[in-house]
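Remarks on the structure that follows.
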Protein chains: 2
Amino acid sequence: MDDKKIRNMEEFAAVSGISRPTLSKFFNDPSSVRASTRQRIEAALDRYDYRPNLYAINQNRRLTKNIGIIVPYLADPFFAEIARNIEEHILSTGYRPVLLGSHGSPDQEIENLENLRLLKPAGVLLAPLGRASDQARIAAFCEEVPTVLFDANVGSAGLAFVGSNNNQSIDLIVDYLCRTGEPPAFFEMKEPSNPNAYKRRHAYLAAMERLNHTPHLIQAAGEGWEFEEIGFREGTRVVRDRNLPTDTILCSNDRLAIGFLSAAYEAGIRVGLGTDCTMRVAGHDDHPFSRYTCPTLTTVSQDYEAIARKSAEKLMNLIEAEKPADSREETLFDGRLVMRGSA
Amino acid sequence: MDDKKIRNMEEFAAVSGISRPTLSKFFNDPSSVRASTRQRIEAALDRYDYRPNLYAINQNRRLTKNIGIIVPYLADPFFAEIARNIEEHILSTGYRPVLLGSHGSPDQEIENLENLRLLKPAGVLLAPLGRASDQARIAAFCEEVPTVLFDANVGSAGLAFVGSNNNQSIDLIVDYLCRTGEPPAFFEMKEPSNPNAYKRRHAYLAAMERLNHTPHLIQAAGEGWEFEEIGFREGTRVVRDRNLPTDTILCSNDRLAIGFLSAAYEAGIRVGLGTDCTMRVAGHDDHPFSRYTCPTLTTVSQDYEAIARKSAEKLMNLIEAEKPADSREETLFDGRLVMRGSA
DNA sequence: CCACAAACTTTACGCGCGTAAAAAATAAAT
DNA sequence: ATTTATTTTTTACGCGCGTAAAGTTTGTGG
């Protein structure tokens with residue numbers, strides 16, 4: 001590695017013996033130059049430490065190679081995990097992922113969109129806050145930038161939607177719970193922060209009706225994204241009052257269930273399938289931590305990997321097609337029953 | 001809001017009646033123009049939707065307003081939480097945080113540094129992988145870009161270090177455990193991925209020696225960042241073999257403890273302080289989930305907020321001082337004992 | 001009212017690269 | 001060897017903004 005500093009493409013052209021326009025082509029797409037030329041450039045890159053100035057590159061391009069990824073809450077392992085998956089897909093296609101978390105705040109979500117707009121991204125993968133989102137501004141953003149929504153829909157904004165099939169997955173677990181014991185009550189937040197909650201509530205109600213059981217909603221007060229805390233608090237109350245018509249609780253998501261299980265444990269209630277157990281608890285999502293709860297949590301998995309892959313692929317196709325998209329496609333992945341100890 | 005599109009600062013100068021150089025000054029620092037001028041510009045900004053082109057701005061600047069933040073693993077709630085805190089501090093100073101996760105991979109860590117270098121950041125806050133990190137390249141990076149390390153040190157790279165005082169915190173919990181029951185064995189990974197593990201091991205050994213107890217290390221095999229899994233696996237083995245000289249386990253971090261508690265629960269071992277309990281388990285970090293384990297986890301808290309604030313402030317000072325830094329400051333925050341149910 | 005500093009406008013150049021057009025060189029095919 | 005298609009080089013301009021220099025306006029204090 002010669003340590004002569006290369007300041008710009010001009011200088012690198014001089015030392016590599018390749019003209020600047022050809023270098024420009026190469027850095028945009030190495031396969032667009034002849035193999036012999038490519039080798040000469042790569043040899044020079046080996047000897048000299050040069051990378052084109054990112055800002056100068058993007059200044060003239062109408063669109064960059066940036067792909068924005070926005071999730072509602074990065075400290076939620078579910079979103080962290082799905083974001084990680086998406087990042088890898090983006091990288092493998094030669095684009096550059098830019099990950100932003102909205103910290104559960106609609107303002108931050110809009111701020112993130114504004115910031116992304118400055119980056120002139122080729123496209124954006126957006127998991128919106130959902131109910132709390134500023135629908136109009138998100139829709140406006142989607143008009144300007146090719147955007148694929150995932151995890152949650154916001155009206156019919158965006159070029160496509162990828163998520164999980166809450167009807168199917170809730171059906172699945174309600175069905176399972178009814179088959180193997182008492183029909184479940186549904187434990188959720190009264191005014192849920194996370195976007196799929198309403199779908200799940202309705203899916204629960206429909207499933208119970210289909211099976212000729214009386215539905216029972218347990219709605220916890222509370223706001224924000226401290227779901228475990230809310231699950232714990234309300235779980236403590238439920239367990240203390242003991243006025244449920246059933247011994248089976250289906251939680252709207254695993255994080256509520258984690259809090260609920262903790263509350264049950266504290267109260268000395270044995271949860272699970274054993275003969276000494278007096279309660280069953282199930283969740284939804286297959287959260288990374290749900291296999292370490294006590295007892296381990298029976299739940300429905302969301303196919304993280306599939307959602308990540310599909311939404312990334314979808315966006316890539318839309319970007320590379322360039323056509324204004326014929327129709328808005330919605331892809332829903334089925335959940336898979338994950339039977340563990342709690343139900 | 002007039003909907004005439006403003007394409008550049010020139011056009012905005014025309015509609016606002018302010019010259020372009022003055023606008024340029026304003027966007028760099030609003031307080032650098034006269035109050036009356038500022039108001040005229042802000043009025044125009046209200047009517048027209050214009051923001052300067054990010055790439056054109058940064059092209060000429062030697063340094064941008066970007067601050068890089070790198071953490072070893074974004075899907076670990078500990079790092080997600082600390083990153084969130086740092087982001088907020090950065091934003092409040094008018095800089096722009098760029099958050100990157102290394103996914104536990106040294107290659108990705110270097111890749112992140114390379115990518116950051118292209119962004120010409122004013123500074124970087126780096127929580128390195130630690131032992132696995134490519135020390136030489138990190139040191140080289142720190143020479144080029146003002147960098148503050150946090151959570152883990154890499155040699156003496158960087159302008160400053162902010163972390164927690166593992167000696168103090170391990171001392172604290174060992175002391176507590178010894179005072180209230182049998183002296184603890186130390187449960188850790190044989191070849192830890194996370195960077196503070198060795199310090200904690202040594203702190204444990206020293207503390208035990210100081211208290212005239214025989215130390216006992218339980219070292220789990222395994223690699224990567226699936227600490228709960230490793231804790232569960234090894235915990236299952238430990239509980240099965242029952243050949244420990246003590247009933248008290250101190251885990252090197254909370255995530256191992258979470259796995260361990262799950263294993264104990266599965267094995268029917270009651271963990272905690274009650275008369276029916278046969279084992280005590282403690283952790284380290286006060287992980288966001290540790291208050292929902294069964295039983296709730298006694299641990300030592302790291303002061304997330306303080307670490308985040310201090311490292312952000314330190315970096316800001318170094319950036320704004322511009323001096324090449326007189327000496328390398330190390331700040332260690334004390335841990336606080338968090339007594340819960342497990343020990 | 002004048003003097004003077006501070007703030008602003010005008011003018012002009014440069015940053016590093018994308019990219020278009022025409023000329024030259026190379027490779028492939030006849 | 002000649003034609004033809006492909007790739008590369010040469011030349012030149014533009015992107016949107018930072019910023020310097022010189023001239024002009026504005027505000028302040030005596």
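Residue numbers begin at 1 in each chain, while the letters A, B, ... track the order of the sequences. No experiment lies behind these values; they were computed from the predicted model shown.
Whole-Å rounding puts the B/Leu23 CG to D/dT19 C1' distance at 14 Å. Distance, A/Asn58 CG to C/dG18 C1': 11 Å, rounded to whole Å. The distance between atom CZ of B/Arg34 and atom C1' of C/dT9, rounded to the nearest whole Å, is 12 Å. Distance CD1 (A/Ile6) to P (C/dG16): 13 Å, rounded to an integer number of Å. Nucleotide C/dC17 holds its C1' atom 17 Å from the CZ atom of A/Arg7, rounded to whole Å. For the pair A/Asp29 CG and C/dT19 C1', the interatomic distance rounds to 15 Å; values are reported in whole Å. Counting to the nearest Å, the P atom of C/dC15 and the CG atom of B/Asn60 are 9 Å from each other. Counting to the nearest Å, the P atom of D/dC17 and the CD atom of B/Glu10 are 9 Å from each other.
Side-chain proximity of B/Ser19 to the nucleotides C/dG16, D/dT26, C/dT9 is greatest for C/dT9. When each of C/dC17, C/dG16, D/dA20 is scored by its nearest atom to the side-chain atoms of B/Gln59, the top-ranked nucleotide is C/dG16.
Using a 4.0 Å cut-off, some side-chain N or O of A/Thr37 falls inside it from OP1 or OP2 of D/dT8. Listed pair B/Asn8 / D/dG16 meets the phosphate criterion, a side-chain N or O lying under 4.0 Å from OP1 or OP2. Close to D/dG18, at under 4.0 Å from its OP1 or OP2, lies a side-chain N or O of B/Ser24. Taking side-chain N and O atoms only, A/Thr22 has no distance below 4.0 Å to OP1 or OP2 of D/dT8.
The backbone N or O of B/Phe26 lies less than 3.5 Å from no partner atom in the side chain of B/Arg38, so there is not a single donor-acceptor pair.
No side-chain donor from either of A/Glu88 and B/His103 sits under 3.5 Å from a side-chain acceptor of the other.
Note on A/Tyr50: only backbone sugar-phosphate atoms sit closer than 4.0 angstrom, heavy atoms only; bases stay farther off. Residue-level contact check: A/Arg20 touches the bases, meaning some heavy atom is under 4.0 Å from a base atom. B/Ser36 comes within 4.0 angstrom of nothing in the nucleic acid, heavy atoms only.
Scanning atom types as modelled, no donor and acceptor separated by under 3.5 angstrom connect the side chain of A/Asn53 and the base of C/dC17.
A/Asp107 has its side chain out of reach of A/Glu111: every pair of non-hydrogen atoms, C-beta onward, lies at least 4.5 Å apart.
For the pair B/Lys310 and B/Glu313, the salt-bridge criterion is not met [side-chain N within less than 4.0 Å of a carboxylate O]. For B/Arg117 and B/Glu114, the salt-bridge test passes: some basic side-chain N is under 4.0 Å from an acidic carboxylate O.
For A/Ala56 and A/Ser32, each mapped to the nucleotide of DNA chain D holding its nearest heavy atom, the one lying further toward the 5' end belongs to A/Ser32.
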